[in-house]
Amino acid sequence: MDVIELFLERYNYWSFVVLMLIGLYGAIVYNNLVKKIIGLSIFQTAIFLLFISMADVGRDIENTLGLKSGTAPIVWEKGIEHGYMYVNPVPHVLVLTGIVVSAATLALALALMIRIYREFGTLDEEELREMIE
Amino acid sequence: MMEHLPVVIVAISLLSSFTILISGIFSRRAGYYISLATIIVQLIFSTILLDYILKNGQIRYWLGGWRPPWGIEYVVDELGAYMLSIVLVFSLLATIYARRVVEKEIEESKWPYFYTLWQLMISGMVGVSVTGDLFNLFVFLEIASLAGYALIAMAGRKAFVASYNYLILGTVGISFYLLGTAFLYAETGTLNMLDARILLSLVYENRVVQASFVFYFIGLAIKMALFPFHTWQPDAYEHSPSAVTVLISTAMAKINAYALIRVVFSVFTVSFLERFIQVWTLIAWIAALAIILGSVFAIMQKSLKRMLAYSSISHVGYIVLAMTFLHTKWGLSAAVVHLLNHSIMKATLFMVVCGFIYKFGFREIDDLAGIGRKMPFSAAAFTIAAISMIGIPPTVGFVTKLYIILASLETGQIAYIFVMVASSLLSLVYFWRVIETMYMKGDHHEQERDELPAEMLLPALFLAFLTIAFGLFWLSGAGMPVLDTIAKTLGVVP
């Protein structure tokens, strides 16, 4: 019973774990370079979701202050009137920066992939290794 | 003025990198000179900063005037200023060295892009040395790494694949770092290193904090190519353009090690490690394994650059092993000293080896027969650095080994002395092979002297001179006060 409750209450954290593992598996196991970068993107996105989940201070606030979590920090005064506490803005800012970094990584990886394909005619890691050696 | 220097050093570097990009429209050669001028200015600033900090203690700079737990803070302490100087000195020498090799290896239309990325990478590394914020460190590390991936790919063909593999593993590494930061933030609610250090001291037993430590360690271990995670490194070093090899094998490899020292000692502190001692001992043994296996792999290589790459893996092991000695100043001192020492040795070796490639296209050890006559100065620089790698006094390589041996004597972990001796013997095997080929094989009489151009030879000779000069400097004990202060600031000795 407790386990199911834990699972349901914290479903966002569980989805983070699942996504992270899928992403890491994809980035490491697949031989196709495109699949690798897709896995890597999922991995990074999972971490961003963890940050977002953390920002919502939820249950702790409800127990101590009797406020629900959820408004944007810029309109927090109005939110508190209606019984809502604002979310922590810092993780959102971090994720924004993180997304920029991951977009840059993705762009660079795709550019490299185009050059690799033009040069070798394949995107399979095993074939590439044979061609280089 | 003085308190603004930390941010000025980063800002002019970033500005310069985009100036180079724009200047590329008008002149393809301007980029090199802008980059060189910026690095010289940065180096002057960092020298002033180092001098100021040694006299007056650390500088804390609040970006935008926001107070630390909320705003980003730049903290330059003795270790930070020391790292800053290392990064800039090696960037300067690598830039001086770069001009000729870049002219030969890179198409002319790509020069402005090359120097833009070059300066961007240096900005990232400088940023890592001055920042006092965990997330900001991530951002600067990514700036440096992304520029690094692109620079490696500039050599073309094989380099694309090498760069791609580095990109995948590097990004996995940095994502683990980010994950560690997420866990740490969830537990403490702060990203400031000094603040996190205080808040963490209350929750060392917490599983989330312990998981965060493990993620940080794995992430940075991938970035710095510690043994089981080293697979990207030999390819990346071997196939990258010569100038890039020199820079990533010295400054870039050290900046990741520096980030690890920062996170482990400034944020998690020694008293956390004491409670986590089994894992820390395991890491020490992994590092010892890295030292031995790196050398064994190096012996098996035919390609010179690849051999040096594997020897770098072995020396990353040195830094991590040195970090694992707690309760003695020699352990951390060895790690800190090796940041500089290994850079000096590896920069010399790679400069000479890339010089062989530049001049004759020699990539394999067997090609080098008789080169001792042909290029006497380069060969001499290589030999001095090789002697230092083996660890013969009074060179810098000996100093690191001496400090690690002192640390293992002081903490009673005698086994690591054997690791040091074994590593020296293995290094002797693979460097002797090269030295023997250079001086004793091939035709000795009909070789005419054919040296490298001055701007490639002089940095290598200067570094070969530093190999001995810094060896004497550390051995004379003149550097000891600084090392003691660093050990005290990081809380290794009371």
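All figures in this text were calculated on a predicted structure; none of them were measured in a lab. Lettering of chains follows the sequences in order, A, B, ..., and the numbering in each one begins at 1.
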Residues, nucleotides or ligands: over 12 heavy atoms within 6.0 Å of [X] [atom1]:
X	atom1	result
A:E126	CD	yes
A:R115	CZ	no
A:F120	CZ	yes
B:Y61	OH	yes

In Å, rounded to the nearest 0.5 Å, how long is the span from [atom1] of [X] to [atom2] of [Y]?
X	Y	atom1	atom2	result
B:L167	A:L112	CG	CG	6.5 Å
A:M131	B:R157	CE	CZ	8.0 Å
A:L40	B:I168	CG	CD1	5.0 Å
B:S175	A:L24	OG	CG	9.0 Å
B:D235	A:R129	CG	CZ	9.0 Å
A:S102	B:L178	OG	CG	10.0 Å

- Show your reasoning for whether side chain to side chain contact (heavy atoms under 4.5 Å, CB included) applies to B:F176 and A:I47. CA-CA 9 Å; B:F176 272 120; A:I47 296 169; over 6 Å; no

- Query: When heavy-atom pairs shorter than 4.5 Å are enumerated against chain B, which of A:A27, A:A109, A:A104 gives the highest number?
  - Reply: A:A109

- Task: Select, from A:I116, A:L128, A:V100, the one with the greatest count of heavy-atom pairs under 4.5 Å involving chain B.
- Result: A:I116

- Task: Tell me, out of B:I143, B:L146, B:L191, who's got the most heavy-atom pairs with chain A below 4.5 Å.
- Result: B:L146

- Message: So A:V90 and B:W70, do their side chains get closer than 4.5 Å, heavy atoms only?
- Response: no

- Task: Taking the side chain as every heavy atom from C-beta outward, state whether A:E125 and B:V161 have any atom pair closer than 4.5 Å.
- Result: no

- Item | Segment of A:I28 engaging chain B (4.5 angstrom heavy-atom cut-off) | neither

- Heavy-atom distance under 4.5 Å to chain B: side chain of A:L94, backbone, both or neither? both

Where on [X] is there a heavy atom nearer than 4.5 Å to chain A: the side chain, the backbone, both, or neither?
X	value
B:V139	side chain
B:I174	neither
B:Y164	both

- Task: Please state whether the rings of B:Y185 and A:F51 are parallel, tilted or perpendicular, taking 30° and 60° as the class boundaries.
- Result: tilted

- Message: Please tell me whether B:F160 and A:Y117 form a close aromatic pair, meaning their ring centres lie under 6.0 Å apart.
- Response: no

